[in-house]
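Letters A, B, ... mirror the listed sequences (proteins, then strands); counts begin at 1.
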2 protein chains.
Amino acid sequence: MATTTAGQKRAEAKREYDAYIAACPSRQLLDTVADKWVTLVLTALADTPLRYSELSRRIAGVSQKMLTQTLRTLERDGLVDRAVTATVPVRVDYTLTPLGESLVTVMAGVKTWAEAHMPEVQRARRRYDRR
Amino acid sequence: MATTTAGQKRAEAKREYDAYIAACPSRQLLDTVADKWVTLVLTALADTPLRYSELSRRIAGVSQKMLTQTLRTLERDGLVDRAVTATVPVRVDYTLTPLGESLVTVMAGVKTWAEAHMPEVQRARRRYDRR
DNA sequence: CTGGATCCTCCATGATACTG
DNA sequence: CAGTATCATGGAGGATCCAG
């Protein structure tokens with residue numbers, strides 16, 4: 001039959017919403033910035049350019065796969081610059097682009113809000129959990 | 001033997017890092033804000049208080065589970081207020097707290113940055129993909 | 001109407017081994 | 001040194017049924 005179930009309707013609505021959300025610029029920014037390794041790599045590079053091995057040491061818990069994957073997306077998004085020196089063995093340096101630096105600035109703003117208001121959030125949590 | 005493998009070392013380092021990251025206030029903020037449904041619920045409530053059923057209609061693609069779960073965490077974090085009216089059937093209204101409103105403000109800041117720079121990111125992506 | 005409880009699926013992440 | 005390839009898994013999220 002051509003009956004449309006509630007589940008089907010919601011599934012369809014979900015697809016539309018997902019598309020709508022995926023198109024939202026701030027959504028895209030949040031998706032990248034909220035990544036654990038992204039923030040760590042960006043803040044690590046905020047101080048100074050680093051080589052691949054230096055990054056993997058500095059961000060001690062990261063696996064090769066995730067570090068590489070993270071660096072690739074950051075490079076693709078124009079946030080970091082990848083410079084290969086064709087010596088033996090190879091040497092690869094990662095630098096923050098101007099765009100990447102401006103992103104780090106925004107993240108600092110988020111940090112500021114968080115430091116200002118997280119204590120309040122934590123009080124709210126304790127209050128909630130104690131009921 | 002008491003030999004420590006490289007894998008063990010990284011695993012230990014990972015635990016430390018995870019703990020360190022989990023303690024970071026901005027990390028905690030990002031983790032909540034970056035949630036898809038969180039942003040949708042908050043922006044929906046930014047205009048006006050809404051009932052549960054109104055929310056689920058307005059955020060068309062959400063499942064009951066995720067909507068309830070999202071509202072619970074937001075309530076726990078002191079970002080939304082939950083008011084139950086004991087009629088038959090029950091009526092529950094959700095409102096943004098002052099803290100919640102201030103968070104919406106920050107998210108607007110992120111949105112501003114995104115709208116300003118996402119075109120640049122997308123150009124970078126096209127450039128990267130075309131190589 | 002507003003959820004709680006269950007089951008199930010899928011994808012992001014990680015561990016491991018290999019290479020130019 | 002700086003990755004790529006492959007396989008395994010844990011947990012987030014969805015579908016569904018039930019209840020006050």
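Within the structure, every side-chain polar atom (N or O) of A:Arg82 is placed at least 4.0 Å from both OP1 and OP2 of D:dA2. The side chain of B:Trp37 contributes no N or O atom lying less than 4.0 Å from OP1 or OP2 of D:dA12. Under 4.0 angstrom from either OP1 or OP2 of C:dT2 there lies at least one side-chain N or O belonging to B:Ser53. Close to D:dC1, at under 4.0 Å from its OP1 or OP2, lies no side-chain N or O of A:Tyr94. Residue B:Arg51 places at least one side-chain N or O under 4.0 Å from the OP1 or OP2 atom of C:dT2.
Distance from the side chain of A:Ser63 is smallest for C:dG14 among the nucleotides C:dG3, D:dT4, C:dG14. Comparing D:dT4, C:dG4, D:dG13 by their closest approach to the side chain of A:Arg72 singles out D:dT4. Looking at the side chain of A:Gln64, the nearest of the listed nucleotides D:dT4, C:dG3, D:dG13 is D:dT4. The side chain of A:Val90 has C:dG20 as its nearest neighbour among D:dG13, C:dG20, D:dG3.
In this structure, B:Leu50 atom CG and C:dC1 atom C1' are separated by 15 Å, rounded to whole Å. The NZ-C1' distance, from A:Lys36 to C:dA12, rounds to 12 Å in whole Å. Note: CE (A:Met66) to C1' (D:dT4) measures 15 Å, nearest angstrom. In this structure, NZ of A:Lys65 is placed 16 Å from P of C:dA17, rounded to the nearest angstrom. The OH atom of B:Tyr17 sits 18 Å away from the C1' atom of C:dG14 (whole-angstrom rounding). Nucleotide C:dA15 holds its P atom 7 Å from the NZ atom of B:Lys14, rounded to whole Å. Separating the CG atom of B:Leu71 from the P atom of C:dG3 is a distance of 7 Å, rounded to the nearest angstrom. Here the C1' atom of nucleotide D:dG20 and the OH atom of B:Tyr52 are 15 Å apart, to the nearest Å.
When each of B:Pro89 and A:Gln69 is assigned the nucleotide of DNA chain C with its nearest heavy atom, B:Pro89 is the one assigned upstream, toward the 5' end. Mapping A:Asp35 and B:Thr68 onto DNA chain C via the closest heavy atom, the residue that lands nearer the 5' end is B:Thr68.
Proximity of a side-chain donor or acceptor of B:Arg72 to a complementary backbone N or O of B:Leu67 within less than 3.5 Å is not detected.
Side-chain contact between B:Tyr52 and B:Leu71 is present, with heavy atoms from C-beta onward closer than 4.5 Å.
The pair A:Asp129-B:Arg76 meets the salt-bridge criterion, since a charged nitrogen lies less than 4.0 angstrom from a carboxylate oxygen.
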(Q) Go through it in stages, so that I can follow the logic: the residues are A:Val62 and A:Leu40, the test is side-chain contact (heavy atoms from CB on, under 4.5 Å), and I'd like the CA-CA distance, side-chain angles, deciding distance and then a yes or no. (A) CA-CA 10 Å; A:Val62 70; A:Leu40 290 173; over 6 Å; no
Q) When you look at A:Leu103 and A:Leu29, which way does the side-chain contact (heavy atoms from CB on, under 4.5 Å) test go after all the steps? A) CA-CA 9 Å; A:Leu103 178 54; A:Leu29 176 61; 3.7 Å; yes
